[in-house]
K.L.:
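Take this structure first; my questions come after.
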Amino acid sequence: MLPRDHRRAAGEARAELADIFRSHGESYRRTHFLPASQRKVMRAVSVCRTQELGGHLKQCDTCGFEHPSYNSCRNRHCPKCQSLAKAKWLQKQTSELLPVGYFHVVFTLPHVLNGLILAHKKILFAVLFKAVSETLLEFGRSRFKGTVGVIAVLHTWDQTLKALSQVFRGKFLALLQQACGKGKIPAANNEIKASRQKSWVVYAKKPFGSPQTVLDYLGRYTHRVALSNDRILNVQNGLVTFSYRDRKDRDRKKTMTLDAQEFIRRFLLHVLPDGFMRIRHFGFLANRVKKLALPQCRKLLGLNPALPEIPKPSAHELLRELIGIDLSRCPSCKRGTMIIVAELPKISPWNSS
Ligand SMILES: [Zn+2]
Ligand SMILES: [Zn+2]
């Protein structure tokens with residue numbers, strides 16, 4: 001077996017999501033309908049950091065130990081690629097933080113809409129983001145006579161409740177009705193009727209302690225993958241055993257065993273539509289506006305109008321900071337430095353059916 005990454009080169013071999021896709025993916029694709037977005041994720045995760053993506057051969061300058069280092073897939077659903085993407089994202093966001101209080105407002109949708117959302121994620125999520133941003137921007141205009149800045153993150157729904165809620169419900173359902181009217185999704189009259197009768201949950205949580213805690217919080221959600229590799233405990237005889245936290249039981253850590261096919265199905269349920277952004281900015285933080293608005297805000301706050309520069313560390317440095325693993329250190333003698341000695345071409349045995 002080819003060493004797939006640094007950890008494996010160091011002798012650690014535990015089943016990963018990629019292994020599950022490689023051994024059970026084909027039979028899954030034969031028996032399930034897969035939208036292009038899910039197919040793409042499956043392929044990307046399967047080939048991430050394997051010879052199929054090519055890479056470099058590295059050699060230790062001290063003991064001569066050789067180790068191939070393959071390219072990563074960079075897919076946002078890949079458990080191997082997320083820590084680096086997250087570190088880069090957080091760095092960029094840090095420069096845009098203002099030394100002010102940040103409020104934390106949660107908008108939720110009623111459960112009667114779950115089926116509709118799963119079937120039409122792209123449209124329903126777009127409607128959700130629009131309803132949320134319009135509600136908050138309108139609130140800012142009427143309450144503060146100004147433009148608020150909004151960082152909105154989509155995450156999974158749970159239940160828990162007020163004035164914003166009615167505005168939000170009105171906007172969401174009107175936008176949903178519009179989407180049905182334009183034929184983007186089938187008529188959802190039953191769901192709309194049932195939703196109108198429920199009170200929708202919008203609540204403000206305790207404000208964030210500091211701008212940095214805003215980022216810590218966001219970072220946890222923006223680059224979360226449905227399942228990290230270290231949660232996969234065992235893959236054997238077509239069964240996958242993994243750990244999870246039971247929210248209904250005080251977040252206790254538990255294990256679950258599923259048929260590999262069912263495991264794949266559940267993982268793919270979390271795949272977001274192609275090009276879908278889980279995090280969006282509105283108000284003075286909207287992409288078109290912030291170039292002028294942020295320096296202006298900074299000036300009004302008595303700061304240098306120019307945004308702080310983002311340091312540009314290499315991928316290696318970022319990872320070292322993040323997970324404490326120095327990828328340039330030789331895993332064999334632990335003293336030498338790994339240096340690129342050759343290019344490795346892409347080799348593709350993957351059946352792209
Ligand atoms: Zn990857
Ligand atoms: Zn060495």
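Whatever order the structure lists them in is the order used to number ligands and atoms, beginning at 1.
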K.L.:
Please work out whether the ring planes of H67 and F65 are parallel, tilted or perpendicular, with thresholds of 30° and 60°.
P.N.:
parallel
K.L.:
Ring pair (Phe, Tyr, Trp, His ring centres under 6.0 Å) for H24 and F263? Distances and angles first, verdict last.
P.N.:
CA-CA 10 Å; H24 300 281; F263 176 88; 9.6 Å; no
K.L.:
Testing the basics here: between K121 and L268, what is the closest heavy-atom pair and its distance to 0.1 Å?
P.N.:
NZ-O, 4.4 Å
K.L.:
Work out the angle at the Zn ion (ligand 1) between SG of C48 and SG of C81, rounded to 10°.
P.N.:
100°
K.L.:
Quick one: give me the number of protein N/O/S atoms under 2.8 Å from the Zn ion (ligand 2).
P.N.:
4
K.L.:
Roughly, to 10 degrees, what angle do C78 atom SG and C73 atom SG form around the Zn ion (ligand 1)?
P.N.:
100°
K.L.:
I need the E26 CD to S46 OG distance, nearest 0.5 Å.
P.N.:
10.5 Å
K.L.:
Any non-hydrogen side-chain atom of V235 less than 4.5 Å from a side-chain atom of D19?
P.N.:
no
K.L.:
Would you sort out whether F172 and F107 count as a ring pair (Phe, Tyr, Trp, His ring centres under 6.0 Å), showing the intermediate values?
P.N.:
CA-CA 11 Å; F172 185 93; F107 291 81; over 10 Å; no
K.L.:
Under a 4.0 Å threshold between the charged nitrogen and the carboxylate oxygen, would R265 count as salt-bridged to E262?
P.N.:
yes
